[in-house]
Amino acid sequence: MDFTRIARFCFRPLRSRRRVCLTFSGRGDVAYLRRVVRKLRRLGLLRLLLVAILTGDVLGIRRILALVSRFPVRIRFTSGRTVRIFFCRNGVEFAVLRVGVTFVRSSNRSC
């Protein structure tokens with residue numbers, strides 16, 4: 001089963017020429033994952049999630065997701081900048097959210 005792209009958000013740190021982008025993709029219950037990402041954006045938790053991923057703070061990621069999801073999560077770092085978050089219901093994984101962090105050189109083009 002392939003991952004479906006859900007959203008991509010980009011930020012420009014202060015006084016920086018590069019942008020930092022968060023890319024969300026998922027498999028399983030994609031409608032639920034879209035709602036989770038929408039809540040993260042609405043509550044302004046995307047930058048906190050970005051910092052938690054870059055620093056490798058598993059507990060921080062778990063706390064951020066506890067604010068938007070009632071299901072327990074398992075977190076696995078696949079690389080230094082990519083995280084897979086497994087959502088469990090009744091002990092069974094029903095959705096996987098992959099969050100990737102990329103650094104993009106700034107230009108006049110949009111993300």
Side-chain angles (χ1 to χ4, degrees):
M1 205 157 136
D2 283 341
F3 283 90
T4 303
R5 184 159 175 188
I6 296 174
R8 185 175 183 190
F9 302 104
C10 295
F11 310 103
R12 175 173 285 154
L14 294 175
R15 298 187 188 120
S16 176
R17 296 186 138 218
R18 296 184 349 168
R19 289 182 300 180
V20 182
C21 294
L22 276 173
T23 304
F24 294 90
S25 55
R27 68 179 181 207
D29 191 353
V30 179
Y32 174 75
L33 296 176
R34 287 182 201 273
R35 287 193 303 269
V36 167
V37 172
R38 197 175 306 133
K39 285 180 186 178
L40 284 169
R41 183 167 187 211
R42 189 174 53 220
L43 294 174
L45 298 173
L46 291 177
R47 288 181 192 252
L48 283 176
L49 183 63
L50 170 72
V51 171
I53 290 171
L54 289 178
T55 58
D57 184 12
V58 175
L59 188 59
I61 296 170
R62 191 168 279 143
R63 284 179 179 159
I64 291 168
L65 290 172
L67 296 172
V68 296
S69 172
R70 62 189 175 116
F71 296 110
V73 296
R74 281 188 20 229
I75 298 167
R76 178 167 294 149
F77 281 88
T78 55
S79 72
R81 296 182 186 159
T82 305
V83 174
R84 285 190 184 184
I85 302 165
F86 301 89
F87 292 87
C88 302
R89 181 188 302 144
N90 299 327
V92 178
E93 297 170 356
F94 71 95
V96 181
L97 180 66
R98 183 173 62 187
V99 184
V101 178
T102 55
F103 294 96
V104 181
R105 200 176 148 148
S106 191
S107 66
N108 290 336
R109 297 166 49 197
S110 67
C111 233

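Values below: every heavy atom of this structure, side chains too, minus hydrogens, waters and symmetry copies. Just so you know, residue 1 is the first one in the sequence shown, and it goes up from there. This is a predicted model, so every value here is computed, not measured.
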A.B. asks: Below 4.5 Å, heavy atoms only, C-beta onward: do Leu46 and Phe11 meet side chain to side chain?
C.D. replies: yes
A.B. asks: List the steps, then state whether ring pair (Phe, Tyr, Trp, His ring centres under 6.0 Å) holds for Phe94 with Tyr32.
C.D. replies: CA-CA 10 Å; Phe94 71 95; Tyr32 174 75; 5.3 Å; yes
A.B. asks: Applying side chain to side chain contact (heavy atoms under 4.5 Å, CB included), run through Leu97 and Phe87 and close with a yes or a no.
C.D. replies: CA-CA 8 Å; Leu97 180 66; Phe87 292 87; 3.9 Å; yes
A.B. asks: Can you see which heavy atom on Gly26 is nearest to which on Leu33, and at what distance?
C.D. replies: CA-CD1, 3.7 Å
A.B. asks: If you measure from CG on Leu45 to CG on Leu65, what distance do you get to the nearest 0.5 Å?
C.D. replies: 9.0 Å
A.B. asks: Are any non-hydrogen side-chain atoms of Phe9 and Arg41 less than 4.5 angstrom apart?
C.D. replies: yes
A.B. asks: State the CZ-OG distance between Arg62 and Ser69, to the nearest 0.5 angstrom.
C.D. replies: 12.0 Å
A.B. asks: Side chains of Ile85 and Arg74: closer than 4.5 Å at any heavy-atom pair?
C.D. replies: no
A.B. asks: How close do Ile61 and Ala52 get, heavy atom to heavy atom, and via which atoms?
C.D. replies: CG1-CB, 3.7 Å
A.B. asks: Under a 4.5 Å cut-off applied to non-hydrogen side-chain atoms, are Val36 and Phe71 in contact?
C.D. replies: no
A.B. asks: Go through the steps to decide whether Phe86 and Val73 satisfy the test side chain to side chain contact (heavy atoms under 4.5 Å, CB included), and finish with yes or no.
C.D. replies: CA-CA 5 Å; Phe86 301 89; Val73 296; over 6 Å; no
A.B. asks: With a 4.5 Å heavy-atom cut-off, do Val101 and Thr82 have their side chains touching?
C.D. replies: no
A.B. asks: What closest approach, in Å, do Thr4 and Arg34 show between heavy atoms, and which atom pair accounts for it?
C.D. replies: CG2-NH2, 4.2 Å
A.B. asks: Can you confirm whether Asp29 sits close enough to Arg89 that some side-chain heavy atom of one is under 4.5 Å from a side-chain heavy atom of the other?
C.D. replies: yes
A.B. asks: Would you say Val20 and Arg47 make side-chain contact, with heavy atoms under 4.5 Å?
C.D. replies: no
A.B. asks: Would you sort out whether Arg27 and Arg84 count as a side chain to side chain contact (heavy atoms under 4.5 Å, CB included), showing the intermediate values?
C.D. replies: CA-CA 11 Å; Arg27 68 179 181 207; Arg84 285 190 184 184; 4.3 Å; yes
A.B. asks: Out of curiosity, does Val51 fall in the hydrophobic cluster containing Val83 (side-chain heavy atoms, cut-off under 4.5 Å, transitive links)?
C.D. replies: no
A.B. asks: With distance as the sole criterion, is a donor-acceptor pair present between the side chains of Ser25 and Arg5 under 3.5 Å?
C.D. replies: no
A.B. asks: Does the side chain of Arg18 come within less than 4.5 Å of Val104's, by heavy atoms?
C.D. replies: no
A.B. asks: Please determine whether side chain to side chain contact (heavy atoms under 4.5 Å, CB included) holds for the pair Ile53 and Arg81, giving the CA-CA distance in whole Å, both sets of side-chain angles, and the decisive distance to 0.1 Å.
C.D. replies: CA-CA 7 Å; Ile53 290 171; Arg81 296 182 186 159; 5.7 Å; no
